[in-house]
S.K.: 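Got a structure for you, questions after.
Just so you know, ligand 1 is whichever comes first in the structure, and atom 1 is the first atom listed for that ligand.
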Amino acid sequence: MKEFLLQHADKDPVSFHMPGHKGEAIFRKYGYGDFLDRFVDCDVTEIPGADNLFQAEGIIRDVMERYARLYDVQNSFLLINGSSGGLIASVMASVRPAGKLIMARNCHKAVFNALTLAGAEPVYAHPEFLEEYGISGAVTVEEIERCMNENPDADAVILPSPNYYGICSDIESIAKAVHARDKVLIVDQAHGAHLKFFHKFGFGDGMPKSAEESGADLVIGSIHKTLATLTQSAILNHNTERVSKYVLEDKLQMIESTSPSYILMSFLDINAEILENHGAEAIGDWRRNLDAFYEELKEIPGLKIMSVGADGGEGDSSTTSRAGRMDMTKVNLDMGAYGIDGAALELELMKYNIFPELYAGNVLMLMTGIGNTKKHFDRTIAALKDIAWQHAADYNEERFAVDAAGGAASQPAFKAPAPGKLHPIPIHKEMVPLDEAAGRICASSLIPYPPGIPLVCPGEEITEDMISYVKALRNDGEKVMGITDQGDVVVGTKE
Ligand SMILES: Cc1ncc(COP(=O)(O)O)c(C=O)c1O
């Protein structure tokens, strides 16, 4: 394994995937070279003076308080198994046993796991579906209202914002609606831990507000995905009287390791210090580089940037139409006009040692982070220009013209089908070959990874389209969780 990682590092890669630090440079730039050189010596356990994650009174408490100040919330908890742990603890702390959880249908698999661990019943809120791209969009306040009207006994609501592609929901309106019914709002902000800081340091023009500023009760953020800390280190922000801090703490200690890594926690500390002492510079550089990058992307004929209009519909690639809805740090490229789908574009960029996060249909998502430098963006522009030039013969101007106007001319090679009809979650289960599963009720989940958002949820009917999609993904070498080595899936037995 280490050989693979070292060989990869030797390529001088441009990382547009997690984690957000993008390599050691940012830590050295801000004076943490000493810690990088000695961190193995700092890998200790709860020795005297080292505090305890689950009874924090000393050095760990200091970091927690630092985050609470940075996010302007009542309490921040350090997470050492990613947002996944924070999501599970939040659901367990907010939903009574056998209680109902209103959850966006495009929640991450950690939330589906939380249902099992909390013994909760799901009520699915359906996000908008962006036909053109075959991906989920925002969850509207009307959809949350519908779920609450039909399920007045639900305890809590949870949704991701931003979603994997950077599309944000109107958390402010959702928070007002949820609180009007005295329910708890949990926001999975795994992909948006940075949003608060764009606004805090004055670079948030056109960017959605953070869930903390928008009134959510519990907000879970993967600091590691976009900011300067190591993979798995994240934060759970608690800003409410509706959920007890002590209950939350109790749930966290149930699901997190009793040997939390002091290295992970130290990197959370370092990230907090970078934001406190150099936040304006680091976030400012990120924003300036992004603004320049978007401008230069416009120069490449036929390259489209996925966008979402202010009304939630699909907009054009101008900054105005992105305003308030898109987290601009996720750059969603579409070179469908050249006949290049997302998968092909990823392969092309990898030839230049540029590594994107993921693709769906024609869209390829570059996940930028605090550690990306101007050099990374410049290398990418040069590579994209090169790719456009090499494929110039395949460029179809008509297709781009329709496409740029919001049409659906450049069809993705294959795109995710819409969710199937919902039935009660099966109690009696059996395994059947994927090929024979059409019309059956899914009893576990089928989850393409990444992004880790279930394609089929428990209780949903499996359709022919879903089977074809799963097969296409697997043929493309993508991972789909929920299928056995023999190619079987778990479904409800026929009555
Ligand atoms: C929307 C969403 N929520 C939660 C998670 C889990 O976050 P973590 O990797 O920090 O556990 C992910 C992971 O990619 C995600 O995409």
S.K.: Quick one: side chains of residues 218-227, donor-acceptor pairs under 3.5 Å with protein atoms, not counting sequence neighbours, listed by atom name and distance.
M.R.:
residue, atom, partner, partner atom, Å
S222, OG, S83, OG, 2.6
T226, OG1, H194, ND1, 3.0

S.K.: Only one of F203, F198, F197 passes ring-ring contact (aromatic ring centres under 6.0 Å, His included) with W286; say which it is.
M.R.: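 Testing W286 for a ring-ring contact (aromatic ring centres under 6.0 Å, His included) against F203, F198, F197 leaves exactly one candidate, F198.
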
S.K.: Can you tell which of D188, I174, I186 makes a side-chain contact (heavy atoms from CB on, under 4.5 Å) with L159?
M.R.: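 Only match with L159 under side-chain contact (heavy atoms from CB on, under 4.5 Å): I174.
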
S.K.: Students often mix this up, so state it plainly: with edges at 30° and 60°, are the rings of F377 and F16 parallel, tilted or perpendicular?
M.R.: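 F377 and F16: tilted rings.
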
S.K.: Is there any protein N/O under 3.5 Å from an N/O of ligand 1, and what does the full list of such pairs look like?
M.R.:
residue, atom, partner, partner atom, Å
ligand 1, 3 (N), D188, OD1, 3.2
ligand 1, 3 (N), D188, OD2, 2.6
ligand 1, 7 (O), K225, NZ, 3.4
ligand 1, 9 (O), K225, NZ, 3.0
ligand 1, 10 (O), S83, N, 2.7
ligand 1, 10 (O), S222, OG, 2.7
ligand 1, 10 (O), H224, NE2, 2.8
ligand 1, 11 (O), S83, N, 3.2
ligand 1, 11 (O), S84, N, 2.9
ligand 1, 11 (O), S84, OG, 2.6
ligand 1, 14 (O), K225, NZ, 3.0
ligand 1, 16 (O), H191, NE2, 2.6

S.K.: Decide if the gap between the ring center of F267 and the ring center of Y262 is smaller than 6.0 angstrom.
M.R.: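 Between Y262 and F267, which both carry aromatic rings, the centre distance is not below 6.0 Å.
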
S.K.: Do the side chains of R146 and E142 get close enough for a salt bridge, i.e. N-O under 4.0 angstrom?
M.R.: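 Result for this pair is no, no salt bridge flagged.
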
